[in-house]
Undergrad: 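For reference, the structure I am asking about is given below.
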There are 2 protein chains.
Amino acid sequence: MKEKLTIGKLAQKANVGVETVRFYERKGLIKQPSKQGGFRHYPEDYISRIKFIKRSQELGFTLNETSELLELKLDSSAKCSDVLERTQAKIDEVNEKIEDLKKMKKSLKRLAVCCEDTDVSLSECPILDHF
Amino acid sequence: MKEKLTIGKLAQKANVGVETVRFYERKGLIKQPSKQGGFRHYPEDYISRIKFIKRSQELGFTLNETSELLELKLDSSAKCSDVLERTQAKIDEVNEKIEDLKKMKKSLKRLAVCCEDTDVSLSECPILDHF
DNA sequence: CTTGACCCTGTACTATGGTACGGGGTATAA
DNA sequence: TTATACCCCGTACCATAGTACAGGGTCAAG
């Protein structure tokens with residue numbers, strides 16, 4: 001049950017490329033595992049660690065931010081509120097983007113409506129004026 | 001009132017660096033203005049153009065996509081239907097981005113809710129396990 | 001004992017969106 | 001007139017997040 005994985009197996013199980021695993025190691029997101037005869041041998045929990053990194057990225061965290069999250073995980077004095085704070089900051093970021101996109105959509109729609117009236121010259125419905 | 005701006009003044013008014021203005025010119029996002037004695041002299045409307053580029057980027061558009069957005073205005077020789085088509089495509093893009101961000105927000109919120117007791121030490125906090 | 005699949009390190013390269021720097025030219029004010 | 005601030009072009013460099021490749025080493029099967 002305590003099977004160790006080569007980098008290729010790990011990459012495959014975590015759904016990333018071999019180079020990506022080595023890249024994460026260089027970046028300090030995962031620590032170098034023990035080596036047998038020059039080959040990296042990973043315990044299975046590296047799979048979830050890499051999946052965590054990927055998931056975190058999907059949620060909009062950069063690798064550096066993900067790194068911080070992973071460090072919090074290892075910091076025994078870290079409080080739930082630390083992670084919550086970062087999560088809330090991301091939510092705020094996301095909200096802002098959504099609001100801005102909605103404004104942009106409105107502008108684009110105005111532009112579209114304006115262009116539907118083929119008698120109106122384009123110079124009279126410039127997208128720049130709507131921002 | 002028809003004041004022309006040097007690159008430095010323009011950059012300052014648009015809240016970007018001088019190098020950024022030249023970079024946008026190289027990328028074709030703004031066209032080279034007239035030059036007086038080897039110096040670029042910009043009409044004031046370049047300010048809003050650059051601000052538009054910045055805004056568009058914040059909304060998740062790449063410079064290439066932003067370029068396309070800007071062409072919606074400037075390509076005055078294009079047929080209205082042509083512009084309309086591209087505008088609709090951009091609206092679809094924006095909608096997709098909004099949907100993606102909403103999904104992200106949902107996931108982040110689920111994380112936040114599961115961790116309301118902020119004094120709990122992280123080792124007992126479920127937030128990271130749910131990533 | 002050789003072949004092929006995998007592994008190693010190190011470096012270079014991709015794209016995106018800038019930023020910095022070297023080595024000059026110019027414009028304005030004291 | 002000379003100091004200073006600004007401008008020019010071209011090239012190199014930065015971060016982000018990988019990806020590719022060169023030139024080796026290792027291991028397990030046949």
Side-chain angles (χ1 to χ4, degrees), chain A residues 3-43 46-47 49-71 86 90 93 97 100, chain B residues 3-43 46-47 49-70 93 97 100 104:
Chain A
E3 219 185 308
K4 298 246 178 169
L5 309 158
T6 62
I7 195 169
K9 291 267 165 64
L10 171 63
Q12 189 202 303
K13 292 208 179 195
N15 237 314
V16 295
V18 166
E19 303 295 336
T20 302
V21 176
R22 282 199 278 254
F23 176 73
Y24 288 166
E25 188 182 301
R26 279 202 301 282
K27 287 276 150 181
L29 279 118
I30 55 178
K31 61 179 193 301
Q32 218 180 278
S34 59
K35 289 198 182 178
Q36 252 103 75
F39 286 27
R40 289 171 183 81
H41 278 259
Y42 297 95
Y46 274 74
I47 301 169
R49 193 170 173 97
I50 287 171
K51 282 187 173 171
F52 176 90
I53 295 166
K54 281 284 146 197
R55 174 80 183 124
S56 170
Q57 272 193 294
E58 274 168 31
L59 294 175
F61 293 93
T62 65
L63 284 189
N64 271 338
E65 289 166 339
T66 302
S67 206
E68 285 172 24
L69 287 172
L70 285 166
E71 270 161 38
R86 284 165 169 79
K90 269 301 154 198
E93 260 177 56
K97 281 188 189 179
D100 283 353
Chain B
E3 218 184 311
K4 297 248 178 167
L5 310 158
T6 62
I7 195 169
K9 291 268 166 64
L10 172 63
Q12 190 201 304
K13 292 207 180 196
N15 238 314
V16 295
V18 165
E19 305 294 336
T20 303
V21 177
R22 282 198 277 255
F23 176 72
Y24 288 166
E25 189 182 301
R26 278 202 301 282
K27 288 276 152 182
L29 279 118
I30 56 178
K31 62 180 193 302
Q32 219 180 279
S34 60
K35 288 196 183 180
Q36 250 102 76
F39 286 28
R40 289 169 182 82
H41 279 261
Y42 297 94
Y46 274 74
I47 301 168
R49 193 171 172 95
I50 288 171
K51 282 186 173 170
F52 176 87
I53 295 168
K54 279 283 146 197
R55 180 85 189 284
S56 169
Q57 267 196 294
E58 282 165 19
L59 299 181
F61 291 95
T62 64
L63 285 188
N64 273 338
E65 288 167 339
T66 303
S67 216
E68 285 167 23
L69 282 170
L70 285 166
E93 264 177 53
K97 275 190 215 282
D100 284 352
M104 236 163 90

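Chain letters run A, B, ... following the sequence lines, proteins first, then strands; residues in each count from 1.
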Undergrad: Is the shortest side-chain heavy-atom distance between B:Leu5 and B:Tyr46 below 4.5 Å?
TA: no
Undergrad: Considering just the side-chain nitrogens and oxygens of A:Lys9, establish if one lies under 4.0 Å of OP1 or OP2 belonging to C:dA5.
TA: no
Undergrad: Which whole-number value in Å describes the distance from B:Lys35 NZ to D:dC6 C1'?
TA: 15 Å
Undergrad: Send over the distance from A:Ile30 CD1 to D:dG18 C1', rounded to a whole Å.
TA: 14 Å
Undergrad: Strictly below 4.0 Å, N to O, side chains only: are B:Glu19 and B:Arg22 in salt-bridge contact?
TA: yes
Undergrad: Does a side-chain N or O of A:Thr20 approach OP1 or OP2 of D:dA17 to a distance below 4.0 Å, or not?
TA: no
Undergrad: Within the pair B:Thr6 and D:dC7, is there a side-chain N or O less than 4.0 Å away from OP1 or OP2?
TA: yes
Undergrad: Under 4.0 Å between a side-chain N or O of A:Arg40 and OP1 or OP2 of C:dC8?
TA: yes
Undergrad: Do you know which two heavy atoms are closest between A:Ser56 and A:Thr66, and how far apart they sit?
TA: OG-OG1, 2.8 Å
Undergrad: If we check salt bridge (charged side-chain N to carboxylate O under 4.0 Å, His left out) with A:Glu25, which of these qualifies: A:Lys35, A:Lys31, A:Arg40?
TA: A:Arg40
Undergrad: Would you mind reading off the distance between A:Ile7 atom CD1 and D:dT26 atom C1', rounded to a whole angstrom?
TA: 15 Å
Undergrad: Figure out the CG/P separation between A:Leu10 and C:dC6, and round it to whole Å.
TA: 15 Å
Undergrad: If I take atom NE2 in residue B:His41 and atom P in nucleotide D:dC6, what distance separates them, rounded to the nearest angstrom?
TA: 14 Å
Undergrad: Can a cation-pi geometry be assigned to B:Lys4 and B:Phe39, taking NZ or CZ under 6.0 Å from the six-membered ring centre and within 45° of the ring axis?
TA: no
Undergrad: Dump every N/O contact between nucleotides 15-17 of chain C and the protein below 3.5 Å, one line per pair.
TA:
{"from": "C:dG17", "atom 1": "OP1", "to": "B:Leu63", "atom 2": "N", "distance (Å)": "3.1"}
{"from": "C:dG17", "atom 1": "OP2", "to": "B:Leu63", "atom 2": "N", "distance (Å)": "3.2"}

Undergrad: Just the rounded figure in Å: distance from P of D:dC6 to CG of B:Leu5.
TA: 15 Å
Undergrad: Quick one: what's the B/S/- string for nucleotides 20-26 of chain C, heavy-atom cutoff under 4.0 Å, read 5' to 3'?
TA: BB---BS
Undergrad: Check the pair A:Leu70, A:Ile53 against side chain to side chain contact (heavy atoms under 4.5 Å, CB included), reporting the backbone distance first and the verdict last.
TA: CA-CA 9 Å; A:Leu70 285 166; A:Ile53 295 166; 3.9 Å; yes
Undergrad: If you take all heavy atoms of A:Ile30 and A:Val21, which pair is closest and at what distance?
TA: CD1-O, 3.5 Å
Undergrad: Specify the separation, in whole Å, of atom CD of A:Glu25 and atom C1' of C:dT9.
TA: 11 Å
Undergrad: Are the side chain of B:Lys27 and the backbone of B:Leu63 linked by a donor-acceptor contact shorter than 3.5 Å?
TA: no
Undergrad: Does a sphere of radius 6.0 Å around NZ in B:Lys97 hold more than 12 heavy atoms from other residues, nucleotides or ligands, not counting ones at 6.0 Å or beyond?
TA: yes
Undergrad: Start at the 5' end of DNA chain D and walk down; is the nucleotide closest to A:Gly38 or to A:Gly17 reached first?
TA: A:Gly17
Undergrad: How close or far is atom C1' of C:dC7 from atom NZ of A:Lys4, stated in whole angstroms?
TA: 17 Å
